[in-house]
Peer 1: 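Before anything else, here's the structure in question.
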Protein chains: 2
Amino acid sequence: MSQSQSSLSLHETVREEIRSRIAAGTYAPESPIPSTAMLSEEFGVSTITVKRALRDLQAAGAIVSTPGKGTYVKRQRRLLRQLDVKQPFLDEASIRPVSVTREKILDPTMASIEPPTHAMLCVRKTIWSDDAPLVYDTTYVSTDMGDQIVEEFAGHFVVDVLEKHGIHVVKTHIVIDAAPAAGMVEEIFGIPNGYPTLRRLYKMVTSDPNVTVYGVLQAPFDRLACKIDFDWTSGKNSALPRGRRRK
Amino acid sequence: MSQSQSSLSLHETVREEIRSRIAAGTYAPESPIPSTAMLSEEFGVSTITVKRALRDLQAAGAIVSTPGKGTYVKRQRRLLRQLDVKQPFLDEASIRPVSVTREKILDPTMASIEPPTHAMLCVRKTIWSDDAPLVYDTTYVSTDMGDQIVEEFAGHFVVDVLEKHGIHVVKTHIVIDAAPAAGMVEEIFGIPNGYPTLRRLYKMVTSDPNVTVYGVLQAPFDRLACKIDFDWTSGKNSALPRGRRRK
DNA sequence: GAGTGGTCTAGACCACCCT
DNA sequence: GGGTGGTCTAGACCACTCC
């Protein structure tokens, strides 16, 4: 076995060796890597040390372990999404409702978009792409709306539903950050606690002064990235992203 | 000890209990939490299980352990940064050069901004704020520039240096994603492997057709977030972020 | 020297999957 | 039933800090 670096601890050298094998294609995407017992024998370390290395690789999104089956190299497929559009997401994506409740916004991470303190309609759903969950969305809307509209929220993009009822988004405030996965997100994506996720907090002001939409989009880091372009030539410090963009 | 959930494994219940104590203020920011030995006794589990819980909390950015000293609750201080400005970063920040080399862009994560394949001037530096490293910046610039300009790159923002020499940024392409920390970033920020980071890949087209700037900004997730606002009223699908913004 | 966290080990049990 | 990964344990050694 070739040791890439000295002064690395055992589980680190094992981790990096496996990582480089994945990069080199020795362990191919979607196919299993040797069991902890075999790796333990090959590297001459205890199974616990191997498990530690594999756990770190899981946390970094390189592999996935399934109890009873084995450990597999993760296929990488990241979606690059333009930021400067009204729709929260894709047209081709399928939406699966999770829950519709009435809640106050308690998540401290939402503080940066200054949400109201009263209870609002809370719609949670997952958006799927390519037969895998892509983002987990939590949307908060003012409750004083018709009940039939509320029904539609669970299965469609909130913006689309509002638009259909003549309510237009006039301003969007977005905060993008990274955060370790916790709670619901772990279960939905099957990722371990602390797994890096990309988060998009949003606040949408609409043409109806009574209707403001708040929410969070959350996706595992290896599934989604955001993109935005600025053109500084068309005015002093103004941004005109990519001109027109009608579907 | 109160157990928040059943059907959680031991290290999970320990982890969540400690997490809630931090949230409640029982364990205050910047102050030490009990040692693994004490926690092990209190919870009635082995020290290894406690260590496992603490390691997960470290990976989530809640605590910091220093060998020989103890484990401390991390103070949270995140900087919210507007995206729609030319300068890569703050004015009040201090810059510490790391290295100036000549390299090809090899990082596969840069592929999304389509960098050139030839070798370029590569400037690495850290930007500090509030006596702590805030972001790690890697900038690539075309090499055909005066040597004295190259000298300035290490200690100043690239955009500022170019501007001083009459070269203006006309277009900016940005890709934002999250990624687990690896390599240099771990050392600089003192974070464990796999720690979630926020990344900003950029490509800047300048008024000089020979000069295009590529680069990556990388920051621990708990140090930085990005912000951007869109106003859809001023034209069909055009974005005019927050009007004027001169310092 | 006492206490700390980090690493590594051997060994055990479980739930799960597959044949 | 044999193999897998996940969990938990007891015990050891090290490097480090602080007194």
Side-chain angles (χ1 to χ4, degrees), chain A residues 1 3 5-18 27 30-74 186-187 190-195, chain B residues 1 3 5-18 27 30-74 186-187 190-195:
Chain A
M1 145 192 176
Q3 199 159 310
Q5 280 266 357
S6 185
S7 85
L8 282 182
S9 59
L10 271 184
H11 73 263
E12 283 175 319
T13 58
V14 171
R15 187 222 306 149
E16 293 310 316
E17 174 59 24
I18 295 174
Y27 299 152
E30 303 278 294
S31 54
I33 71 173
S35 71
T36 52
M38 295 178 67
L39 290 170
S40 145
E41 190 181 2
E42 179 193 346
F43 290 108
V45 300
S46 78
T47 62
I48 296 194
T49 304
V50 171
K51 286 178 179 180
R52 164 71 189 269
L54 294 185
R55 233 173 60 79
D56 288 347
L57 286 173
Q58 259 191 91
I63 58 176
V64 180
S65 294
T66 320
K69 288 193 65 178
T71 303
Y72 294 78
V73 178
K74 217 169 175 182
E186 299 177 39
E187 302 168 22
I191 53 182
N193 181 271
Y195 195 84
Chain B
M1 145 192 177
Q3 199 160 309
Q5 279 265 358
S6 186
S7 84
L8 282 182
S9 59
L10 271 184
H11 72 263
E12 282 174 320
T13 58
V14 171
R15 188 224 302 151
E16 294 309 318
E17 174 60 24
I18 295 175
Y27 300 152
E30 304 278 294
S31 54
I33 72 173
S35 70
T36 52
M38 294 179 67
L39 290 170
S40 145
E41 192 181 1
E42 179 192 347
F43 289 108
V45 300
S46 79
T47 61
I48 296 194
T49 305
V50 171
K51 286 177 180 182
R52 164 72 191 270
L54 293 185
R55 234 173 60 78
D56 288 347
L57 285 172
Q58 258 190 92
I63 58 176
V64 180
S65 293
T66 320
K69 289 193 64 178
T71 303
Y72 294 79
V73 178
K74 217 169 174 182
E186 299 177 38
E187 303 168 23
I191 52 181
N193 182 271
Y195 195 83

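In what follows, every heavy atom counts, from backbone to side chain, and hydrogens, waters and symmetry copies are set aside. Every chain is numbered from 1 and lettered A, B, ... according to where its sequence line falls, protein lines coming before strand lines.
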Peer 1: Could I get the full list of side-chain contact (heavy atoms from CB on, under 4.5 Å) partners for B:Ala59, not counting sequence neighbours?
Peer 2: none
Peer 1: Just the rounded figure in Å: distance from P of C:dT9 to CZ of A:Phe43.
Peer 2: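 Taking atom P of C:dT9 as the reference, CZ of A:Phe43 is at 13 Å.
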Peer 1: For a 4.5 angstrom cut-off between non-hydrogen side-chain atoms, does A:Glu17 reach A:Glu42?
Peer 2: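 No, too far: nothing below the 4.5 Å cut-off.
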Peer 1: Would you indicate, yes or no, if D:dG5 has its OP1 or OP2 atom less than 4.0 angstrom from a side-chain nitrogen or oxygen of A:Thr71?
Peer 2: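 Yes, A:Thr71 has a side-chain N/O under 4.0 Å of OP1/OP2 on D:dG5.
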Peer 1: Name all residues meeting the side-chain contact (heavy atoms from CB on, under 4.5 Å) criterion together with B:Pro34; count only those two or more places apart in sequence or in a different chain, and write none if there are none.
Peer 2: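 By the side-chain contact (heavy atoms from CB on, under 4.5 Å) rule, B:Pro34 matches B:Tyr27, B:Met38, B:Leu39.
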Peer 1: Could you state the CG-P distance from B:Asn193 to C:dG6, rounded to the nearest angstrom?
Peer 2: 15 Å
Peer 1: Quick check against the 3.5 Å criterion: does A:Thr71 have a side-chain atom that pairs as donor or acceptor with the backbone of A:Val64?
Peer 2: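 No, A:Thr71 side chain to A:Val64 backbone: no donor-acceptor pair under 3.5 Å.
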Peer 1: Using the 3.5 Å cut-off, write out each protein N or O paired with an N or O of nucleotides 17-19 of chain D and the distance between them.
Peer 2:
from: D:dT17; atom 1: O4'; to: B:Gly68; atom 2: O; distance (Å): 3.2

Peer 1: Please report, rounded to the nearest Å, how far the P atom of C:dA10 is from the CG atom of A:Leu10.
Peer 2: 11 Å
Peer 1: In this structure, how many angstroms lie between the P atom of C:dC8 and the CG atom of A:Leu39, rounded?
Peer 2: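 Atom-to-atom, A:Leu39 to C:dC8, this comes out as 16 Å.
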Peer 1: Atom CD of B:Glu12 and atom P of D:dG6: how far apart are they, to the nearest Å?
Peer 2: 12 Å
Peer 1: Residues from residues 46-62 of chain A sitting under 4.0 Å of DNA chain C, heavy atoms only?
Peer 2: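 By residue number: A:Ser46, A:Ile48, A:Thr49, A:Arg52.
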Peer 1: Taking atom NZ as the centre, does B:Lys74 end up with more than 12 heavy-atom neighbours from other residues, nucleotides or ligands that are less than 6.0 angstrom away?
Peer 2: yes
Peer 1: Using side-chain contact (heavy atoms from CB on, under 4.5 Å) as the criterion, list what pairs up with B:Thr36, not counting sequence neighbours.
Peer 2: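 So B:Thr36 forms a side-chain contact (heavy atoms from CB on, under 4.5 Å) with B:Val50, B:Lys51, B:Leu54.
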Peer 1: Kindly give the heavy-atom pair with the smallest separation between A:Gln58 and A:Pro192, and that separation in Å.
Peer 2: O-CG, 4.4 Å
Peer 1: Calculate the interatomic distance between A:Ile33 atom CD1 and D:dG3 atom P; express it in whole Å.
Peer 2: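 Checked: the CD1 to P distance equals 18 Å.
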Peer 1: Just N and O in the side chain of B:Ser65: are any of them under 4.0 Å from OP1 or OP2 of C:dG5?
Peer 2: no
Peer 1: Would you mind telling me which of D:dC8, D:dG5, C:dT7 lies closest to the side-chain atoms of B:Ser9?
Peer 2: D:dC8
Peer 1: In whole Å, I'd like the distance from the CG atom of B:Leu8 to the C1' atom of D:dC8.
Peer 2: 16 Å
Peer 1: What is the distance, rounded to the nearest whole Å, between atom CD of A:Glu41 and atom C1' of C:dT9?
Peer 2: 17 Å
Peer 1: Can you give me the closest heavy-atom contact between B:Tyr72 and B:Glu30, atom names plus distance?
Peer 2: CD2-O, 3.7 Å
Peer 1: With sequence neighbours excluded, what pairs up with A:Ser9 under the side-chain contact (heavy atoms from CB on, under 4.5 Å) test?
Peer 2: A:His11, A:Glu12
Peer 1: In terms of side-chain heavy atoms of A:Thr36, which of C:dT9, D:dG5, C:dT4 is nearest?
Peer 2: D:dG5
